[in-house]
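Side chains are part of it too, since the values below use all heavy atoms of this structure and drop only hydrogens, waters and symmetry mates. Note that ligands are numbered from 1 as they come in the structure, with each ligand's atoms numbered from 1 the same way. For the single chain, residues carry numbers from 1 onward in sequence order.
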Amino acid sequence: MKSKHFGTLAIHGGQEPDPSTGAVMPPIYQTSTYAQSAPGKHKGYEYSRTRNPTRSALEASLASIENGSHAMGFASGLAAIDACMKLLSPGDEVISTNDLYGGAYRQFVNVYMKYGIKFHFLSMSQLDVIESKINKKTKMIWIESPTNPMLNIIDIERVSKIAKIAKALLVVDNTFATPYLQQPINLGADIVVHSGTKYLGGHSDIVLGAIIVNDSELAERLDYIRNATGGICGPMDSFLAIRGIKTLHLRMDRHCFNANIIAQFLESHPAVGRVIYPGLKTHPGHEIAKKQMRDFGGMVSFSVKSDRAKDASKVVSSMKIFTLAESLGGVESLSGHPASMTHASIPKKQREENGITEGLIRLSVGIEDVRDLKKDIKAALSLLL
Ligand SMILES: *Cc1c(COP(=O)(O)O)cnc(C)c1O
């Protein structure tokens, strides 16, 4: 299957008709345990925390679309991130970005710092700042690209070279890009993590996470951690994620198409300040995005001209098609106000330093008809004129 194109892998990668019935879709194996014919003699499944056939089918699909050798399904993106953190020991250091997903930041700082793990949060637009923080204790470099919500682009291939020299694991949270737009393993990443809650699931109906690696020893360590700590996804959610992945390429094409039109529209609007979209030539990471991504994604951030929370709030509250909600990556368009929602757990001073100002709005542009989306934004912005 490795030689096939993405759209074929999304549908068939790692998938076989169910051996017992020929069912084309993997059944939802809603079972905790499996009969053994003699003690320790079973068909590869003994207890569903360890392995479940529906989850295995999802994992085969995930490995295939991220071009990895192994994948693991988790209860949430944060459970997947948590399993990665458990690779570390007290005294180890992690270098990460300063505009990390808020929940990952909260886990690192409020949970793992007290176990003696040290984190450096850097602006990674200048890669030499990473090198300046590397020392013998650096065990992991943790990046997102595009970042959330500032949509900064990090050159994954260049960071992977720095990580290799430092003998540190490079982890890429590929939630925003998805494997259709960007494949971090091909760019040198050791571990790819996902919030499958977002584009992979794609329909805002599950919370799920994933890890994909291309190394059997690393896979074994992570699988051991998962079985020992139990953060698995259930069979029903695994099934829905498989179903979501089958249309990932189609959905992403439309997300990107719509987002590009919305970004250009916002750029021309008098009530708008900054527009941040990697597909715009004005975006500082545009060239790198062009190099490492197939297209520029479905997320657009912008600020209202006044940059005040009151005006941003007026816009997000009055849009009708864009629903004001946490999360992203579903077929429906969502809006968010990072300073008071997704990124409220980051201290205000640090938030503002990273560009997450009070007037910033984040759009997850859905796959509706873009003419209606444009009209919806236009009506809301007209309240500020
Ligand atoms: C949502 C998200 C997560 C966390 O995933 P959950 O499934 O909500 O636990 C991690 N990283 C990014 C980039 C996200 O957007």
Give yes if a backbone or side-chain nitrogen or oxygen of L328 is under 3.5 Å from a nitrogen or oxygen of ligand 1, and no if not. no
Out of D173, N148, L208, whose heavy atom sits nearest atom 13 (C) of ligand 1? D173
Using heavy-atom distances, let me know which of A104, S195, A75 sits nearest atom 5 (O) of ligand 1. S195
Tell me if the aromatic rings of H286 and F296 count as close, with their centers under 6.0 Å from one another. yes
Is any side-chain heavy atom of L324 closer than 4.5 Å to one of M319? no
Are W142 and F108 an aromatic pair by the rule of ring centers under 6.0 Å? yes
When you compare the side chains of N135 and E93, does any donor N or O come within less than 3.5 Å of an acceptor on the partner? yes
Would you call the rings of F119 and F121 parallel, tilted or perpendicular, where under 30° means parallel and over 60° means perpendicular? parallel
Can K198 be said to sit on top of Y101's aromatic six-ring, NZ or CZ under 6.0 Å from centre and within 45° of the ring axis? yes
Closer than 4.0 Å to some heavy atom of G77 - which atoms of ligand 1 meet that? 5 (O), 6 (P), 7 (O), 9 (O)
Is there a polar contact, in the sense of an N or O pair closer than 3.5 Å, between E144 and ligand 1? no
Of all the non-hydrogen atoms in the protein, which one sits nearest to atom 7 (O) of ligand 1, and at what distance? T197 OG1, 2.7 Å
Check: H255 ring centre within less than 6.0 Å of Y199 ring centre: yes
Could you tell me which atoms of ligand 1, counted from 1 in the order shown, lie closer than 4.0 angstrom to a heavy atom of F176? 15 (O)
V207, I206, L78, D82: member with heavy atom nearest to atom 9 (O) of ligand 1: L78
Minimum-distance protein heavy atom relative to atom 3 (C) of ligand 1: Y101 CE2, 3.3 Å
So which protein heavy atom does atom 14 (C) of ligand 1 come closest to, and at what separation? K198 NZ, 3.0 Å
